[in-house]
Every structure is written in structure tokens, then in C-alpha cells.
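Predicted model only: the values in this text are computed from it and were never measured. Counting from 1, the numbers follow the sequence of the chain as shown.
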Amino acid sequence: MSIEQLLSGESKNVEYKESRPEKSIKYMKSVIAFANTTGGYLVFGIRDTTREIVGIPNDIVFQEMDAITNAISDSCEPVIIPDVYPQTVDDKTVIVAAIAPGKQRPYYIKSDGPTEGVYIRVSGTSRKADRTLTREMHYESEGRSYDSVIRTDLKISDEEIAQLCADMKSIAIANCKNDIQKQSIKTITKNVLLNWNILAESADGSIHPTNACIFLMGQDAFLSKIQCDMFKGTTRDIFIDKRDYAGLLWQQIEDSFQFVLRNIRLGAKIEGVYRRDIYELPPDSIRELIINAVMNCSFLQPSHVQVAIYDDRLEITSPGGLLPGVTLDRMREGYSQIRNRALAHAFSYMNLIEGWGTGIPRLIRQMKEYGLREPEFIDMDVALRINLYRLADEIQYSTVKLPESALKVRDNAKVRSKCAKFRFKRTRKISC
């Protein structure tokens, strides 16, 4: 840890203690919170209110280091082994306890138990994790995703499975860019959906939908929903338009995408003596961001994917935050992890996504080509927010004929809408 980082103040990943508290519980919550999120540093010997370096007396430094290491190892479950070391700052010695992000989440304080002893780091403070976050940590540590959990309480018929496969193929063809790509689309079957964990087989051999199947078919409007809002100004004080889209998951995405296109400006860019009609934000990137927000949404949380339009920006928020090992810097470089893996298989087949990890670098590049500022990525700990800022002085906005690319978007939307209406009639009979 560099001196600059150490002295920069308390944050999501840094916490100060003037000395080692007599009761270890006073800093054990932070240790657990660091392990359950992105890791962090506990620094002993710095006053948290003033950032004054008071130091640890040299004659007890190693004794204090042993006490800190033992307390952390004895108080946490699963066991956390910190990297504890001394560091000299302004001729004074402080003790740094580095806590790595854990791979066996959720970690908890032994004395409080696995229900009450789980903490996460939010905006520089350690807070108790609620039940939904704890459940999600269990899924991640077991290498599972919530969307692949079997729903043994629900049944699905062979006819409904066949119709789901047919609808997905129709959407895949509608999203193809050329005839060659259309010809390469293969028909999927029950076995393919089983392999993708969209369907699952129970112990008695019967076939049931998973959560992914329920979301795709639009059968859980409480968990699977996209909220779209347009506001006057740059805050959420005054609503202009508000829509909640439920139902078939791919139709939610399309409806949300069309909501954005209706509410951002369409204009013309003058290039010499020619005039080119364009949206003020790149449509392909908007659509991909909405898709990624759904694909990485934590359906365990009570909140939903939100698409908000302000005078100065488009804001897309996905519940769940960054997965372990993912940072904003790594994400900008194209690194990605998928929270909902079963849905990712379905989205890939339906040509809703083109390649893993390419979306964010392409978004940054397209925003630069549009002459706009780089997108803003905000890690909210329990959610991820991406802002696309709208201002572009060189574009003159007016009511003009839609460009050919936008007309294609509309035509595809009509195809999806027809599939959606037909699909609902065939799937609403799913019963417990």
C-alpha cells in the first residue's frame, strides 16, 4: 500500500483505527465486510477524524500485529488470514492489515452466526448484509447462479417448451444482420434448454423450468421488470414519463430500448454539403447496455433494472453491483463475468449479445466517435450505474425522417411484438 493511498482518507477500501481496540468486534465487522466485497485495508495508528498519524509504539508493534492476526483468524468463518505488516509514515510506525476479497463468501463473525454476522462494505462504512445478499453470496461461492435454480413448484408442458424454442428462434432470426447469418440459426430443443439450465430435471425425472425460463417467459413480473422514467432537469424531482415493462424478457428489453429512442433527440449532422440523420447517443450501445443490465441483474434484490433519462444524461442502473474479481478499470478494458449464466446462453443464441467483454470498450469508442464525454461508471456496491452524457453542440436537433437503421429497429420490434403476443397465449397456463 503506497503512502498516498494510506493517507488519502477512509473510503470503501480503507479504514483507520487510532489503536487496536480492546474488543476486536469493533473492527471485525470491517474485516468481514472487506472479505465479502472487494477487499480493503485496516490501518492502525491513524486517527480517523483528523487523519493524524499517531503511530504504534515500536516496542509493541510486533505484539500488536500478532494480536490482530490471531483475532481475525479466530473470529471469522470461514477463516480469514490477513496480511499484517508495519509501515513507516513520517517517522512513525503504523500497522496495516490487508484483507483480500474472499473466495468462500459469505464470511461472517463466528459469535454472531451466519445469519446476523454477515457484513458488506457500502460507501466507506460496514453494514449488515440482508438476507438476499447473503443468499446471492452462497450461490456465487458454490459456482451457481440464481437464474439456473430449478423451480420444482412449477410445471411446463412439452408444447410450451416447443413454443419457447420457436419464439427464441424467431427472435434470433429477427436480430440477424444478413441472410448468411439467418441461415446459420439452428432450431433448439428441450435438450439444448436443459444443457443451458433454462430447464432442469428433478430427482424423479420430471422436467421443470428454472428461474431463467420463468423470466424469459414473463411469468414473474415481481422479480423481472424494467423501470423506465424520464425526468425534467437533472434530478429525480419531476416525472415527465414513467413506464414499467414486464412480460417476456426480450420484449422488456426491446420496449425499454424504444422508450429511450422516443425520448432522446433525433437530429442531423452537417458534413460539408450533406446532412446525416443521427440519434444524439449511439443506439447500438444503448441497447447493449440495457441487455447487459438485465444479464447481470441480481434478481434476488427487491429493486429492478432502471433506465432513467435526464436533460443531460441517460442513466442505466442494474441491481447487484460488480461480481468478485471485477473492477471498474478491468471492466473498461473488456473484462467481464456473467451473473445470470443461463440467460446469457439464451441471449447469445437470440443474437442479443455479440461477444463477451466487448460491449464496454465498444461503448467508450462509440461515445468518443459521437464527440461525447466518456461514459461514467459508478460502483454503488449493491448496484452498478452507467451514465451516458447527452450534450453535443455540433448536432442540430429537429423532427426529421428516421434513418434506415432506426427503421430496421422498428421492423424488428414488430416481429418481436408478434412473437410476444403469441407466446403469452401459449405460456400463461403454467401452473403449480
Side-chain angles (χ1 to χ4, degrees), residues 174-178 180-181 228 230 234 253-254 256-296 305-318 322 326-336 347-348 351-379 384-413:
N175 285 324
C176 287
K177 295 180 178 179
N178 52 58
I180 295 177
Q181 191 177 5
C228 296
M230 184 174 183
T234 59
I253 292 169
E254 186 62 36
S256 303
F257 176 53
Q258 294 297 330
F259 176 89
V260 175
L261 294 188
R262 288 196 306 271
N263 289 291
I264 63 174
R265 294 176 292 245
L266 175 67
K269 184 173 183 179
I270 308 301
E271 297 178 341
V273 296
Y274 298 99
R275 166 179 169 145
R276 183 162 63 94
D277 296 335
I278 60 171
Y279 283 100
E280 61 174 315
L281 295 171
D284 289 345
S285 291
I286 294 171
R287 189 163 181 256
E288 187 163 5
L289 283 178
I290 296 173
I291 292 169
N292 287 341
V294 171
M295 197 164 58
N296 288 297
V305 172
Q306 293 183 339
V307 178
I309 302 174
Y310 302 85
D311 286 354
D312 65 336
R313 69 191 185 279
L314 168 64
E315 178 185 276
I316 299 176
T317 306
S318 179
L322 298 176
V326 181
T327 64
L328 295 180
D329 289 337
R330 296 182 74 183
M331 188 175 69
R332 290 187 184 95
E333 295 171 356
Y335 179 81
S336 68
F347 284 6
S348 180
N351 290 314
L352 291 171
I353 52 178
E354 295 183 358
W356 308 119
T358 62
I360 297 302
R362 184 166 56 249
L363 166 66
I364 294 173
R365 184 174 64 253
Q366 288 185 342
M367 292 293 284
K368 184 177 181 180
E369 291 171 354
Y370 269 60
L372 301 170
R373 61 178 282 189
E374 183 174 310
E376 181 181 23
F377 303 93
I378 304 174
D379 180 8
L384 175 66
R385 175 169 292 169
I386 300 178
N387 289 325
L388 304 186
Y389 286 90
R390 303 174 60 186
L391 301 179
D393 295 337
E394 75 277 11
I395 298 178
Q396 301 174 5
Y397 297 101
S398 60
T399 303
V400 297
K401 183 180 179 181
L402 288 174
E404 184 179 348
S405 60
L407 292 175
K408 183 179 179 182
V409 168
R410 284 189 170 182
D411 291 341
N412 288 347

Margin query: With a 4.0 Å cut-off on N to O distance, would you call Glu288 and Arg362 a salt bridge?
Written below: yes

Note to self: Regarding Arg332 and Glu374, does a basic nitrogen lie under 4.0 Å from an acidic carboxylate oxygen?
What the structure shows: yes

Which pair of non-hydrogen atoms, one from [X] and one from [Y], has the smallest distance, and what is that distance?
X: Ala293; Y: Val305; answer: O-CG2, 3.7 Å
X: Tyr389; Y: Met367; answer: O-CE, 3.8 Å
X: Leu363; Y: Ser285; answer: CD1-CB, 3.4 Å
X: Tyr370; Y: Tyr279; answer: CE2-O, 3.1 Å
X: Ile309; Y: Val260; answer: CD1-CA, 3.8 Å
X: Arg265; Y: Glu280; answer: N-OE2, 2.7 Å

Taking atom [atom1] of [X] and atom [atom2] of [Y], what is their separation to the nearest 0.5 Å?
X: Glu369; Y: Ile364; atom1: CD; atom2: CD1; answer: 12.5 Å
X: Asn387; Y: Tyr310; atom1: CG; atom2: OH; answer: 8.0 Å
X: Ile290; Y: Phe259; atom1: CD1; atom2: CZ; answer: 10.0 Å
X: Asp312; Y: Thr234; atom1: CG; atom2: OG1; answer: 5.5 Å
X: Asn296; Y: Ser336; atom1: CG; atom2: OG; answer: 7.5 Å
X: Met331; Y: Ile386; atom1: CE; atom2: CD1; answer: 5.0 Å

Next item on the list: Check the pair Leu314 / Leu281 against side-chain contact (heavy atoms from CB on, under 4.5 Å), numbers first and verdict last.
Entry: CA-CA 9 Å; Leu314 168 64; Leu281 295 171; 3.9 Å; yes

Next item on the list: Run the numbers on Leu266 and Ile278 for side-chain contact (heavy atoms from CB on, under 4.5 Å), then give the verdict.
Entry: CA-CA 6 Å; Leu266 175 67; Ile278 60 171; 5.7 Å; no

With a 4.5 Å heavy-atom cut-off, do [X] and [Y] have their side chains touching?
X: Ile316; Y: Asn292; result: no
X: Tyr335; Y: Asp329; result: no
X: Met295; Y: Ile353; result: yes

Note to self: Test salt bridge (charged side-chain N to carboxylate O under 4.0 Å, His left out) on Arg287 and Glu254; report intermediate values, then the result.
What the structure shows: CA-CA 8 Å; Arg287 189 163 181 256; Glu254 186 62 36; 3.8 Å; yes

Check: side-chain contact (heavy atoms from CB on, under 4.5 Å) between Leu384 and Thr317: does it pass, once the steps are laid out?
Finding: CA-CA 6 Å; Leu384 175 66; Thr317 306; over 6 Å; no

Next item on the list: Start with the C-alpha distance between Phe257 and Val307, add both sets of side-chain angles, then the distance that settles side-chain contact (heavy atoms from CB on, under 4.5 Å), and finish with yes or no.
Entry: CA-CA 9 Å; Phe257 176 53; Val307 178; over 6 Å; no

